[in-house]
Structure formats: C-alpha cells, structure tokens
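Reminder, nothing fancy here: chain letters follow the sequence lines and each chain counts from 1.
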Protein chains: 2
Amino acid sequence: MTLAANKNLSRIQKEKRSTIKKAALEVFAEYGLRGATLDKIAIASGLTKPNILYYYSSKDKIYFDVLSGLLDEWVAPLHEISPNGDPIEELLGYMRAKLTMSKQKPQESKLFATEILHGAPLTQNVLATSLKKTLDEKVAVINKWISEKKLAHVNGYHLFFSIWAMTQHYADFDIQVRSILDQSEDDLFKDAEEYLTSVLLRTLDAKAP
Amino acid sequence: MTLAANKNLSRIQKEKRSTIKKAALEVFAEYGLRGATLDKIAIASGLTKPNILYYYSSKDKIYFDVLSGLLDEWVAPLHEISPNGDPIEELLGYMRAKLTMSKQKPQESKLFATEILHGAPLTQNVLATSLKKTLDEKVAVINKWISEKKLAHVNGYHLFFSIWAMTQHYADFDIQVRSILDQSEDDLFKDAEEYLTSVLLRTLDAKAP
DNA sequence: AGAAAAATTGTCCAATTGGTCAAAAAACTC
DNA sequence: GAGTTTTTTGACCAATTGGACAATTTTTCT
C-alpha cells in the first residue's frame, strides 16, 4: 500500500535498512524531525554517517520511510471494526487495540504526534484522503448502529477523536502521567483500560437520555 | 509564582521582551525548541538577532521564559474547581474551560505538548511537584464526592487525564481534525463541546452501574 | 582464487546555527 | 543641548549539521 518497498534487496540491504529505521524511529520519536541528527541516528544504529547515507540519500528520506512504513500499521485497528459485530464490543475492542499500541509502541505514537503537531508536512495528504475515507466509512457504520438503536446518539467523528486522544495520551504524555502516578506500567494500563471501558460503556449505552 | 518577573524594567524593555516572547511562542509552537531558530524568531518579531540576544542571553532562556510564563495560566482552570459546588457542574465547567483554551490558545497548547512529548526537559520538575500536588488535592475532592454518592465511581486521575487528552486534542492535532472535518472553527468546537458534555455527563452520573 | 560488485569509512565541505563584540544610533537626564 | 546611558546593529566566529567523494574493505559470483 505505502511503497513498493523491499523488492530487489540483498540480505545486507534489508538488514541495514531495518537497523537504520529502528534507530531512526528512536531518535525521531525523541527529538522530532528537525531535532534529530544523522550523527544521533548513526550512534543509535552503530553505523557510520556515510554508511547511513549509502542506504538513504538524505535524512528526510529516512524520516519519510520510517513514517510511511508505520502508517498502515497505525490505521490497521480501524479496519478491524466490523459492521456485523456487536457495536459495543467492536468499539471497546478498538479502544483496547489502540491502548495496547500506546503501551507497546510508544515511540511510534510519539512520532505521529510530533508529525501532526508540527503541521504534518509528510502525512497531511494521507490524512485528508486515505484516513478520512476510512473514517467516513466507520462513522457511517456508527450512524447505522445508532439508527438501529444499538448505540446512544453520539457524534461518530468526535467519538473517534476522543478514543484517539485518550489512548494515545498514555504514550505521548507518558512523562506527565508518570510524574503524577507512581505505578508500574502494568498497573497503570490496567487502570487506564478499566477507566476507558467505563467511559465508553456509559457513553455508548443506547439506554439513558 | 513562577519568577520575580518584570521588576525594574523600562518601558522599552517591557515592550521588547513582550514582542520577543510573542514571536517566540509562535515559532516554538510550530517547530519545537530544537527546530526553532533565533533567525526565525528574529523575523517573526521584526527585530535583529543580536537585538534579541540583548534582551535574552540565549535561546534556551527565551524558551524557559515563555514556558514558565504560561505554566500558571495553563494550570489555572484546575484551581477553579470548587469542593463546594455541584460536582457535575464543576467538572463540566473545567472541561469547558480547557476546551476554550484549546480554541483560543492553540499555540500554547502545542508548546506544552511538544515540551512533554520530548521529555519535558524544563517542566518535569514542575509536573512532579506543583502539578501533582494540585491534582492530588482535586482527586481527593473527586473521591469525597464519590463517597457522598454525588458522582459515579471513577478513577479521578484518569478522569483528569481524559479531560486533558480530549480537549487538548482539538488544539494539538487540529491539522488531523481539520483534514477529516470540513467545518468552521465555531461549528467544530460547538460539536466538540456537545460531545464532550455528553461523555462527561454519562461518565459521571452517580446512577447506573 | 580472482574479478566484479557491493559495502564501508576517513576526510572534507558548504550552509546553518547560536552567540560575540565593538561601534553607531537613539533615548534619557540634567 | 551636551553628556550619559541604553538600545540597536553589522560584521564576525566557532560549532554543528547534512551531505559529497574517493579510497579501502568486504562480499558475491564464477
């Protein structure tokens, strides 16, 4: 979907590109596109700077490759929402999937957050086309469920915004969260899931005003 | 609270420092601390680079001054939550205050978001002391309200996290929101407030399981 | 093994960056 | 309005940065 990707690449090429991307993800997530330097990526990857530039012709190319390689994965849980399942269970499952990603892939979350926060120079196009299209479809499903009285009357778009916001918050703002709550990661995410489940159950319940 | 601030400053000094801070806020919010350059701040402020350095001895000092000048303002709505008011109204009011800040001060929101996202190098201390202390107090109020059966059983910390996340999302991720929703700003925030009101009312309602 | 191709690196460069400084200009004081 | 202080600026500098390149080393292929 994103790019033709690793077509005719040798073993070494695949390995080294993967090494570089992994290191670059760390550095970009921590410092952002502009704050990240090739030197930092070189150190993080254990390669030399010219060697990195042998595989990627520029810093921007690395950034673009890392980001676009993650895009599909990032939107994937949205596709799992099935129009045929139980509405509440489908949406709770989506929330849990997003929360799990925040727990297990905080760097990826931060990378996207920084990208969007700073004007989404590389992804604005994808957001306005691919993501919008998918979300429009899912909101249509939500609205169908609502018309069938299976869900409370909620604004589908803002429902998704709030799920994104609440789940990604635990990755993007983890420093703030951890400054306030002194818990193990497992306990924190257990409490978060419990709270978010409660919020969603109450918000989506077809009964009540 | 933050610093002694403008003590013995001449008219010109106050004006220029204010001009610099305003321009720096724009640039820092858009590019982050590391992505912002003195040249960009110089252009945005209409001053020359050495002139800026006449008022602030370094870029970091500007950043620190801008950020710490905003800290109090940013936490202020939290102090408005009164233990004596109606619990639901107090918390709805807090949410509305935060949402209004997202609408009217998106740059400030983005500045904080970037700061925390990238490790909160300058604010971690404040987060772990001042903010934590205030939040602990407010969560104690929440818990009192819960024990008085005025609120549903919710985790107070995660309640605040979710309010922060959901309201700030409209400032920090506005590009994503606007890529998906093609509305006027007023309509967007009207819908957001309606949705968030509904979520909070249902989440906080003492009745229901 | 030996030739060809691929991978790696040391060295270098130009542009950008944060910051300095001395001199000029403006503002204030009496 | 002369003298003093404050403000402003042009010119400059050292460090960092993204990137180029030729030479060397390693891998691959026969």
Donor-acceptor under 3.5 Å (E90(A) side chain, S82(A) main chain) = yes
Distance check: side-chain N/O of Q13(A) vs OP1/OP2 of dA7(C), anything under 4.0 Å?
-> yes
Are L92(B) and L204(B) close enough that some pair of their side-chain heavy atoms sits under 4.5 Å apart?
-> no
Take atom NZ of K14(B) and atom P of dT6(D), then tell me their distance rounded to the nearest Å.
-> 16 Å
Flag the pair K103(B) and E185(B) as a salt bridge only when some basic side-chain nitrogen lies within less than 4.0 angstrom of an acidic carboxylate oxygen.
-> no
Between K105(B) and E73(B), is a salt bridge (Lys or Arg N to Asp or Glu O under 4.0 Å) present by the stated rule, with each step listed?
-> CA-CA 11 Å; K105(B) 296 178 180 290; E73(B) 183 187 350; 3.2 Å; yes
Anything under 30° is parallel, anything over 60° is perpendicular, the rest tilted; go ahead and classify W164(A) against H169(B).
-> tilted
Ring geometry between Y63(B) and F28(B) (parallel below 30°, tilted from 30 to 60°, perpendicular above 60°) | perpendicular
Would you kindly check if the NZ (Lys) or CZ (Arg) of R17(A) is within the cone defined by 45 degrees around the ring axis of Y56(A) and under 6.0 Å from the six-membered ring centre?
-> yes
Name every residue in residues 15-36 of chain A that has at least one heavy atom under 4.0 Å from any atom of DNA chain C, in order of residue number, or write none if there are no such residues.
-> K16(A)
Does any residue of residues 37-56 of chain A have a heavy atom under 4.0 Å from DNA chain C, and if so, which ones, in number order?
-> T48(A), P50(A), N51(A), Y54(A), Y55(A)
Whether Y170(B) and F189(B) hold their rings parallel, tilted or perpendicular, with breakpoints at 30° and 60° = tilted
